[in-house]
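Sequence lines set the chain letters: A, B, ... in the order given, protein chains first and strands last, and positions in each chain run from 1.
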4 protein chains.
Amino acid sequence: MPKISDERRAARRLQILEAAWRCFQRQGLHATTMDDIIREAGLSAGAVYSYFPGKEALILAAVTDSLGGIRDLVAPALATRPLPAPDVLAGRIMQAVADFSTREGYDLRRIALLGWSEAQRNEPLRQTMRDFYLPFRDALEAAAAQWQASGQLRPGSAAPDVARAILAAVLGYVVQSAVLGDVEPEEIARGIRALGAA
Amino acid sequence: MPKISDERRAARRLQILEAAWRCFQRQGLHATTMDDIIREAGLSAGAVYSYFPGKEALILAAVTDSLGGIRDLVAPALATRPLPAPDVLAGRIMQAVADFSTREGYDLRRIALLGWSEAQRNEPLRQTMRDFYLPFRDALEAAAAQWQASGQLRPGSAAPDVARAILAAVLGYVVQSAVLGDVEPEEIARGIRALGAA
Amino acid sequence: MPKISDERRAARRLQILEAAWRCFQRQGLHATTMDDIIREAGLSAGAVYSYFPGKEALILAAVTDSLGGIRDLVAPALATRPLPAPDVLAGRIMQAVADFSTREGYDLRRIALLGWSEAQRNEPLRQTMRDFYLPFRDALEAAAAQWQASGQLRPGSAAPDVARAILAAVLGYVVQSAVLGDVEPEEIARGIRALGAA
Amino acid sequence: MPKISDERRAARRLQILEAAWRCFQRQGLHATTMDDIIREAGLSAGAVYSYFPGKEALILAAVTDSLGGIRDLVAPALATRPLPAPDVLAGRIMQAVADFSTREGYDLRRIALLGWSEAQRNEPLRQTMRDFYLPFRDALEAAAAQWQASGQLRPGSAAPDVARAILAAVLGYVVQSAVLGDVEPEEIARGIRALGAA
DNA sequence: GATGAATGAGTCTTCATTCAT
DNA sequence: AATGAATGAAGACTCATTCAT
């Protein structure tokens, strides 16, 4: 039989990954069985296993790709020049995550929670996450340095602290939104702004 | 054996719950088998099942009790008078969580992540969390109202927004700490303070 | 502590046995747990085990006692003199079983089915049943001999065959009644009578 | 493995069902473990569970199929024309049951007892049995009407009563045979004949 | 390349029985 | 004598993965 084209292979891979996303988000990582994913993808067990060596790999790929998706969505906000004020930037990042989440069938916030949880005991996944969040925080730190230079931060403050605070706000927005469900990016942004006191 | 005293019963219950905590934190909620917990508790299967009707209940109890533990630790910070400035209060709350986590064998931050993840598809657990976080956020809102009254917030800001922002910072600290591991409460607090610009 | 009186012991035994009857009839032999019986009897596990060595013994005792109960109820019918005609006698026996079954909480027919089933793989129980049914059939055989002598049976017939046929009718009534539930002793009796053709 | 043919699927199903029959008959319904059946069938647990959703279904299928087997064996006796006399018909029906029972490894009489017992607390099974016995009794009633018409029953008798009496005899034969083991269809038939008195 | 039937180790849970108090 | 907490050996069922066709 003729080899399948690379293009077809990539499409198949994505088909499986999206099926996995839908299942993971619906039922969680562990409650999702390979059979669920196989059926959702409309393929055979053998087919799925020829694209991914196992469930672990599927989880890792699903999370990695999600993370990649966010990176692409968040990057523009970070690259905006002139750099928006801290509260505005944070708001835009959170909004990007929220927008990504409204995509048909994937609520990124839910997947993020599942991934964080899983990363506690899944070393490759943990590493993947570090590889995503650390550069992201570094980018925030660079932004903080600019704010500092332009006098938008309290004098004597440290860029790493600011980066950590803003990252916390973003991650915390995701948790709050997934668990309580009644928070908007704009509210958090306004709250941050409010803290910038008299 | 004759009827066991209420005190002994409670001690046994705690013995099992602590074993479950240790296991959950080590291996995650689903990767932990009842057998793991049973062995860790040093009891028999039947004994464990006579205190908890099943794994689900054990998960719920573990998370609920953890949450209760935090509440007790965090309450003093919220009750401090005069009320500390926003960044100081947030720092104290995060510090309380961090302190709780150093207790022998339970890292509360890890359990929190597991719980948030599980709450996505476990309705009783989700409700338990709402019952914990909502009043906590209300308390933050009350604090925000005081800050407003004393002119510590930017004029025209809304207390609910501030409460959401601070809750996000605290939750985000937990995520960042669990996933990246290189964040201290103090750093986030300083970062928040830094945002309170000129 | 003073020894319990024999009378009290017997009362306790009966209390347990009746609890077992009710449970067995409600849930079947195997679906009934010792705990069900213990709770139904309102005693402690230890108490029940001090009267019966185990579940097996409880089953055997429950069935044996049921059988004894029938024997006592059926005996008068067999002893009636002058001996009633075959269909009348069969009707009276079935009626006795039906009457016994209306006693509060024990439907003997149900217990009979459970016992027959269990006897397939429980040798002591099987033996107990043989010890009950064989003498009963012998008594029927004696009756048949009398019917023969008084010309109430077709000439040339054998008393053992008649005894087997009547026993079959009685047992079959129990089955039919338990499984289909719409049969009365009187109907079977009339049916037997109808067979005594021209 | 590619898709299995319907034929092979049916063969596998039967293989499992026959294994279950053998186990049930040997050890009873509840004392038979799924593991027993799995080993007897020479398959894996997963294979068995892919053909039957659980033990309950296996019990129901085993009994249902047994019942179907009898129906097929008994039907010819009921269809014989000219219709045999009541005692002869009853004898043939019982003989059909006895013949069925000598088949390698399945004693239908034992399975019948197990099924009756189980039907007490298993509603689907109970319904299956009603669906089998009721039409069978109806067929007997039709036969009784013919006997009546041809003057083979005592004048004034009712066909439903006769049907009930013959069904009782057949069921009772099964019980007597399973519990006491020393009864032949012919004996019961002769006994019934003997009751047709002078 | 693809299929999906089969595998079997592993999971949660139950329950008859015991025995320290 | 009585209690009822504790035991632990099963039991039913699941599911990631493989491989014959």
Report the nucleotide, chosen from [options], that has the shortest atom-to-atom distance to any side-chain atom of [X].
X: D/Ser50; options: E/dT3, E/dA6, F/dA5; result: E/dA6
X: B/Met34; options: E/dC15, E/dT13, F/dT17; result: E/dT13
X: D/Tyr49; options: E/dC15, F/dT14, F/dA6; result: F/dT14
X: D/Arg12; options: E/dA6, F/dA16, E/dT17; result: E/dA6

Qualifying residue for side chain to side chain contact (heavy atoms under 4.5 Å, CB included) with A/Cys23, from A/Thr33, A/Ile38, A/Asp36, A/Asp35: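 Only one option passes, and that is A/Asp36.
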
So, D/Trp21 versus D/Ser66: side-chain donor-acceptor pair below 3.5 Å or not? yes

Decide yes or no on side chain to side chain contact (heavy atoms under 4.5 Å, CB included) for B/Asp65 and B/Arg13, but give the supporting numbers first. CA-CA 12 Å; B/Asp65 281 33; B/Arg13 203 191 117 96; 4.0 Å; yes

How many whole angstroms separate atom [atom1] of [X] from atom [atom2] of [N]?
X: D/Arg39; N: F/dA12; atom1: CZ; atom2: P; answer: 11 Å
X: A/Lys55; N: F/dT17; atom1: NZ; atom2: P; answer: 9 Å
X: C/Phe52; N: E/dA16; atom1: CZ; atom2: C1'; answer: 16 Å
X: D/Leu43; N: E/dG8; atom1: CG; atom2: P; answer: 11 Å
X: A/Leu29; N: F/dA16; atom1: CG; atom2: P; answer: 12 Å
X: B/Ile4; N: E/dT21; atom1: CD1; atom2: P; answer: 11 Å
X: D/Ile16; N: F/dC13; atom1: CD1; atom2: C1'; answer: 15 Å
X: C/His30; N: F/dG11; atom1: NE2; atom2: P; answer: 12 Å

5'-most by nearest nucleotide on DNA chain F - B/Ala45 or D/Ala47: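 Per heavy-atom nearest nucleotide, the more 5' residue is B/Ala45.
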
On DNA chain F, does the nearest nucleotide to C/Ser44 precede the nearest nucleotide to B/Gly46 from the 5' side, or the other way round? Give the residue.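 Its nucleotide being nearer the 5' end, the pick is C/Ser44.
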
Step-by-step side chain to side chain contact (heavy atoms under 4.5 Å, CB included) determination, A/Phe52 to A/Leu17: CA-CA 10 Å; A/Phe52 295 92; A/Leu17 217 39; 3.9 Å; yes

Basic-acidic side-chain contact under 4.0 Å: A/Arg26, A/Glu40: yes

Reading DNA chain E 5' to 3', how would its secondary structure be written in dot-bracket notation, given Watson-Crick and G-U pairs with both distances under 3.5 Å, brackets [ ] for crossing pairs and | for partners on other strands? .||||||||||||||||||||

Taking the side chain as every heavy atom from C-beta outward, state whether B/Phe24 and B/Arg110 have any pair of such atoms under 4.5 Å apart.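 No, their side chains stay 4.5 Å or more apart.
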
Between A/Arg9 and C/Ile38, who's closer to the 5' end of DNA chain E by nearest nucleotide? A/Arg9

Examine distances only and state if a side-chain atom of D/Thr128 and a backbone atom of D/Pro124 form a donor-acceptor pair shorter than 3.5 Å. yes

Any side-chain N or O of D/Tyr51 less than 4.0 Å from the OP1 or OP2 oxygen of E/dA6?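 D/Tyr51 to E/dA6 OP1/OP2: side-chain N or O found under 4.0 Å.
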
Under 4.0 Å, heavy atoms only, any strand: does C/Thr32 hit a base, just the sugar-phosphate, or nothing?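 The answer is sugar-phosphate, as C/Thr32 gets under 4.0 Å only of primed atoms, P, OP1 or OP2.
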
